[in-house]
Amino acid sequence: MSEVLTKGKLAKEAAAKLVAKTTEEKNNALSIIAEQLQKETPYILKENEKDIENGKANGLSDALIDRLLLNEERINGMIESLRQLIYLQDPVGEVLESWTRPNGLQIEKVRVPLGVVGMIYEARPNVTIDASSLCLKTGNAVLLRGSSSALHSNMAIVKVIREALEKANFPADSVQLLEDTSRETAAEMFKLNDYLDVLIPRGGKNLIKTVVENSSVPVLETGAGNCHVFIDESADKKMAIDITVNAKTQRPSVCNAAETLLIHGNWNKEYIRELIEKLEEKNVELRVDQALYNEFPHLKLATEEDWETEYLDYTMAVKLVSNVDEAIEHINRYGTNHSEAIITENAANVEKFFKLVDSAALYHNASTRFTDGFEFGFGAEIGISTQKLHARGPMGLPALTSTKYIIKGSGQIRE
């Protein structure tokens, strides 16, 4: 039996046991995982160093190395997210609706775990702890398939998690990691309908497209992030500059970083010049439309491809638009339905932007970098959904549940 089948079967068996676990038991397991992560931080960092060294030797970009990198601060962030999850309400068992029929039948709609969640993801080892902890809190088992570039880090984190689960008298098989990161294992997961209830891809556009097009397991799609910032003509200079620089450069390798900047043509030219200088000071390569290229010929002229590219790096496409309608049209044409921001003092334009832009998260006078489960108060996220069915936006605990109906009678039969 292949590793995929073996671990899928173990995960399904563990999921059957998790259904019986109480909120108190689940929270205790998360608490012990947090303690174990703290204790084993030096070990995890040592294993992460192997991935970083391999990544550099294989020519990974600085942005990809950053996605891969773990340090004490990032591990402390993982621990904090675990502790936040402990204090969040357990959605399992929540009664969403209840009513009584004329024949006396009492009907309840309640939240239940999905079962076994399959995760296929790239580079970022923090996803390993996010996915595991969210699944455990919601009574789901998880089958993880990370990338080869993060294998040592992922193996170390899962080893720590499983040791903690054993200490908590919790099924250790609830968390499974595929150590074979070949394309063949991913392809096998696509067809693992007997063991997986849902498959969640988390990574770049090509990975997500491959999973969506090839999987017979239901997919919860987490989309690529070609995110936009639109500076309207009434935008405050300092606010616009601060938000744009933050949205692009605070961490450019993640999906909620801004990739395209749209500027109203009537915004002060000196403000535009200052913004360009600030971005260049942060080593951002700007690819601009013809109008801006005429004003700033030292910049690179954008191509059609630039408007639709998720760079995940210090590169940004910039375009002048004549009004909010043109900005909305551009975003809906080239965007990936992830996160978009408008910077303006015009309330009517905010209302129009919020109503007409078709994305999961929309911001007024704030950075797109806040599209994140932790920042939304969810403790962590399993991913950011850009689809419209089941869940949309940062997916926290409720997104990892389904529902079932509980019907209580007193002898009713259907005539």
Side-chain angles (χ1 to χ4, degrees), residues 29-86 119-136 142-165 175-179 181 200-204 207 222 225 249-257 312-314 369 371-375 378-384 394:
L30 292 176
S31 178
I32 293 173
I33 292 171
E35 291 170 8
Q36 201 75 2
L37 277 175
Q38 189 86 64
K39 178 183 173 184
E40 298 290 353
T41 293
Y43 162 62
I44 294 169
L45 293 179
K46 184 179 177 182
E47 293 302 298
N48 180 247
E49 282 177 17
K50 296 177 184 177
D51 290 330
I52 297 298
E53 288 170 9
N54 290 339
K56 289 177 178 177
N58 291 328
L60 291 186
S61 68
D62 289 345
L64 287 175
I65 292 293
D66 177 67
R67 289 168 77 90
L68 199 56
L69 177 68
L70 290 178
N71 52 35
E72 285 196 16
E73 182 183 359
R74 290 183 180 179
I75 292 179
N76 286 338
M78 295 179 190
I79 293 166
E80 177 59 27
S81 73
L82 278 165
R83 289 180 175 150
Q84 278 200 17
L85 278 180
I86 290 168
M119 285 288 301
I120 297 180
Y121 55 107
E122 295 174 337
R124 291 165 64 187
N126 66 292
V127 174
T128 304
I129 192 69
D130 286 351
S132 300
S133 58
L134 284 162
C135 286
L136 290 169
V142 63
L143 178 62
L144 302 162
R145 191 270 189 189
S147 62
S148 58
S149 61
L151 182 59
H152 292 97
S153 306
N154 289 338
M155 287 173 63
I157 293 169
V158 168
K159 182 173 184 285
V160 170
I161 291 171
R162 288 173 62 91
E163 287 172 355
L165 290 176
V175 179
Q176 299 286 342
L177 175 72
L178 295 176
E179 296 179 14
T181 58
I200 303 176
R202 186 165 169 181
L207 168 70
T222 62
T249 70
Q250 196 261 343
R251 197 176 178 193
S253 63
V254 292
C255 63
N256 57 23
L312 299 173
D313 208 341
Y314 286 91
R369 284 286 289 116
T371 306
D372 177 88
F374 186 84
E375 295 294 337
F378 298 164
E381 69 188 32
I382 199 79
I384 297 168

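If you're wondering where the values come from, they're calculated on a predicted model, not measured in any experiment. Values reported hereafter were calculated over all heavy atoms of this structure, with side chains retained and with hydrogens, waters and symmetry mates removed.
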Could you pull out the closest heavy-atom pair between [X] and [Y], with the gap in Å?
X	Y	value
Glu381	Gly373	OE1-N, 2.5 Å
Ala131	Met119	CB-CG, 3.9 Å
Thr181	Ser147	CG2-C, 4.0 Å
Ile65	Gly55	CD1-C, 3.9 Å
Cys135	Ile382	SG-CD1, 4.3 Å
Thr41	Gln38	OG1-O, 3.2 Å

Would you indicate whether the side-chain heavy atoms of [Y] and [X] approach each other to under 4.5 Å?
X	Y	answer
Ile157	Ile161	yes
Arg124	Val254	yes
Leu136	Ile33	yes
Val142	Val175	yes

Nearest 0.5 angstrom please: [X] [atom1] to [Y] [atom2], how far?
X	Y	atom1	atom2	answer
Leu68	Asn48	CG	CG	6.0 Å
Leu82	Ser132	CG	OG	9.5 Å
Asp51	Asn154	CG	CG	7.5 Å
Met155	Glu179	CE	CD	4.0 Å
Leu45	Ser153	CG	OG	9.0 Å
Leu151	Asn54	CG	CG	9.5 Å

Exercise. Tell me, yes or no, whether the heavy-atom count around Glu72 atom CD, taken from other residues, nucleotides or ligands under 6.0 Å, exceeds 12.
Key: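 It does not: Glu72 CD has 12 such atoms or fewer within range.
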Exercise. Count the heavy atoms of every other residue, nucleotide or ligand shown that sit under 6.0 Å from CG of Asn76, and state whether that count exceeds 12.
Key: yes
Quiz prompt | Arg251 side chain to Ala257 backbone, donor-acceptor under 3.5 Å | solution = no
Practice problem: Give a yes or no on whether the backbone of Met78 and the side-chain of Ser81 come within a donor-acceptor separation of less than 3.5 Å. | Solution: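 Yes, Ser81 side chain to Met78 backbone: donor-acceptor pair under 3.5 Å.
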Exercise. Could you pull out all residues at least two apart from Phe374 that satisfy ring-ring contact (aromatic ring centres under 6.0 Å, His included)?
Key: none
Practice problem: Kindly determine whether Arg74 and Leu69 satisfy side-chain contact (heavy atoms from CB on, under 4.5 Å), including the steps that lead there. | Solution: CA-CA 9 Å; Arg74 290 183 180 179; Leu69 177 68; 3.8 Å; yes
Self-check item: side-chain contact (heavy atoms from CB on, under 4.5 Å) assessment of Arg145 paired with Gln176
Solution: CA-CA 9 Å; Arg145 191 270 189 189; Gln176 299 286 342; over 6 Å; no
Quiz item: Does Leu64 have any side chain to side chain contact (heavy atoms under 4.5 Å, CB included) partners at least two apart in sequence or in another chain, and if so, which?
Solution: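 For Leu64 the side chain to side chain contact (heavy atoms under 4.5 Å, CB included) partners, ignoring immediate neighbours, are Leu60, Ser61, Arg67.
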Exercise. Tell me, please, which residues at least two apart from Ile86 pass side chain to side chain contact (heavy atoms under 4.5 Å, CB included).
Key: Asn27, Leu30, Ser31
Practice problem: Inspect the contact between Glu47 and Lys50 and indicate whether a charged nitrogen and a carboxylate oxygen are less than 4.0 angstrom apart. | Solution: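 Looking at Glu47 together with Lys50, the answer is yes, because their closest N to O distance falls below 4.0 Å.
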Quiz item: Out of Ile200, Asp130, Leu207, Thr128, which residue meets the side chain to side chain contact (heavy atoms under 4.5 Å, CB included) rule with Tyr121?
Solution: Thr128
